[in-house]
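Structure first, then comments.
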Amino acid sequence: MNATKAPDVRHLVDLDRYPIDDLESPKRREIIENAKASLRENGLASFPGFLTEKGLATCVAEVESLKSKAYARNLQRFIYPQETLDPSLPADHPFRKPQPLVQRMLSADVFDGESELRKIYEWGGLPPFLAEILGQSVYQIADPFLSLAVIMMNNGQTHDWHFDGNDWVVTLLLQRPEKGGEFEFIPHTRDKNNPGLDRVEAVLRGTSDEVISVSQEAGTLVLFYGDQSVHRVAPSYGERDRMVAAFSYDNAPGFVFNEKVHMNASGRTTPLYVSPRLSATAATN
Ligand SMILES: O=C(O)CCC(=O)C(=O)O
Ligand SMILES: [Fe+2]
């Protein structure tokens with residue numbers, strides 16, 4: 001068997017509902033057009049039931065079995081990516097107000113060559129599908145730590161209000177917590193000319209009437225413009241974890257983050273596992 005052959009995901013992804021690897025399918029075309037419209041309107045496109053019931057159970061069982069390898073993070077992060085920080089601004093200015101990020105993370109290197117979740121990431125169906133929706137080239141990244149990750153939150157853990165450093169992100173919700181854990185956002189909060197300060201201040205005061213709260217079902221794939229729309233994961237309550245997988249892409253093959261980012265995500269700089277398929281992608285770059 002060729003180690004770099006793209007994996008099959010028929011046992012995980014609902015390809016009848018989402019025939020996204022069949023480039024001739026009219027259903028695929030319709031899904032893409034709907035996603036484009038949804039991104040234009042809200043900056044978010046969601047694909048409920050992306051995983052089959054069995055596929056979802058398989059992925060959750062896999063994450064459960066790897067849970068002890070999670071890296072705990074308890075940080076304060078700025079809402080706006082840090083390069084906009086200006087120390088002359090008042091301390092309560094939204095640029096200077098840190099927000100908690102408290103979660104446990106399984107980095108990509110925890111998912112070895114047998115991993116089912118890794119199969120979904122390395123499958124050839126998603127990048128061209130995302131590329132058509134976004135109107136740009138999309139490649140899996142070669143980063144052994146952050147190509148995929150699973151983030152877990154329970155017992156009040158949260159990823160509070162922020163804009164992302166990347167333009168867009170793909171998440172796959174695997175499990176909801178007992179209570180809370182909703183994904184909340186204000187569509188198109190900011191653009192190149194306007195940082196959306198009034199809207200962010202209203203969110204922080206708890207007076208915003210623009211927040212959309214998405215109560216996703218487990219098994220839903222989401223594509224989201226995280227640099228445009230301020231968002232958070234509301235605190236997750238109860239013992240059962242909110243579990244979400246995050247998939248990273250770039251507009252060219254071979255992308256790898258630096259060691260500082262690896263350390264911050266996993267507490268390691270030497271990966272436990274390196275995928276031959278993704279490093280092969282890098283080598284052809
Ligand atoms: O968990 C989610 O649904 C989104 C997480 C998020 O906003 C992030 O990781 O930047
Ligand atoms: Fe985010």
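Reckoned from all heavy atoms, side chains included, excluding hydrogens, waters and symmetry mates. Fair warning: this is a prediction, and the values are worked out from it, not measured in the lab. Counting starts at 1 for both ligands and their atoms, following the listed order.
Under the ring pair (Phe, Tyr, Trp, His ring centres under 6.0 Å) rule, F224 has a single partner from F185, W168, F247, which is F185.
Salt bridge R118/D112: absent, no basic N to carboxylate O contact under 4.0 Å.
Each salt bridge (Lys or Arg N to Asp or Glu O under 4.0 Å) pair with one or both residues in residues 229-249, not counting sequence neighbours, appears once here: K67-D241, R104-D241, D160-R232, E184-R232.
Residue-level contacts of ligand 1 at the 4.0 Å heavy-atom threshold are H159, H162, D164, F183, H231, V233, R242, V244.
No side-chain donor from either of Q140 and S147 sits under 3.5 Å from a side-chain acceptor of the other.
To the nearest 0.5 Å, atom CG of residue N166 and atom OG of residue S248 are 6.5 Å apart.
Judged purely by atom type and a 3.5 angstrom limit, R176 has no side-chain atom pairing as donor or acceptor with the backbone of E182.
Nearest heavy-atom pair across G125 and D21 is CA-CB, 4.3 Å.
Applying the salt bridge (Lys or Arg N to Asp or Glu O under 4.0 Å) test to E116 and every residue at least two apart in sequence or in another chain returns K119.
Between F129 and Y18, the ring center distance fails the sub-6.0 Å criterion.
Listed by chain and number, the protein atoms of type N/O/S under 2.8 Å from the Fe ion (ligand 2) are H162 NE2, D164 OD1, H231 NE2; waters are omitted.
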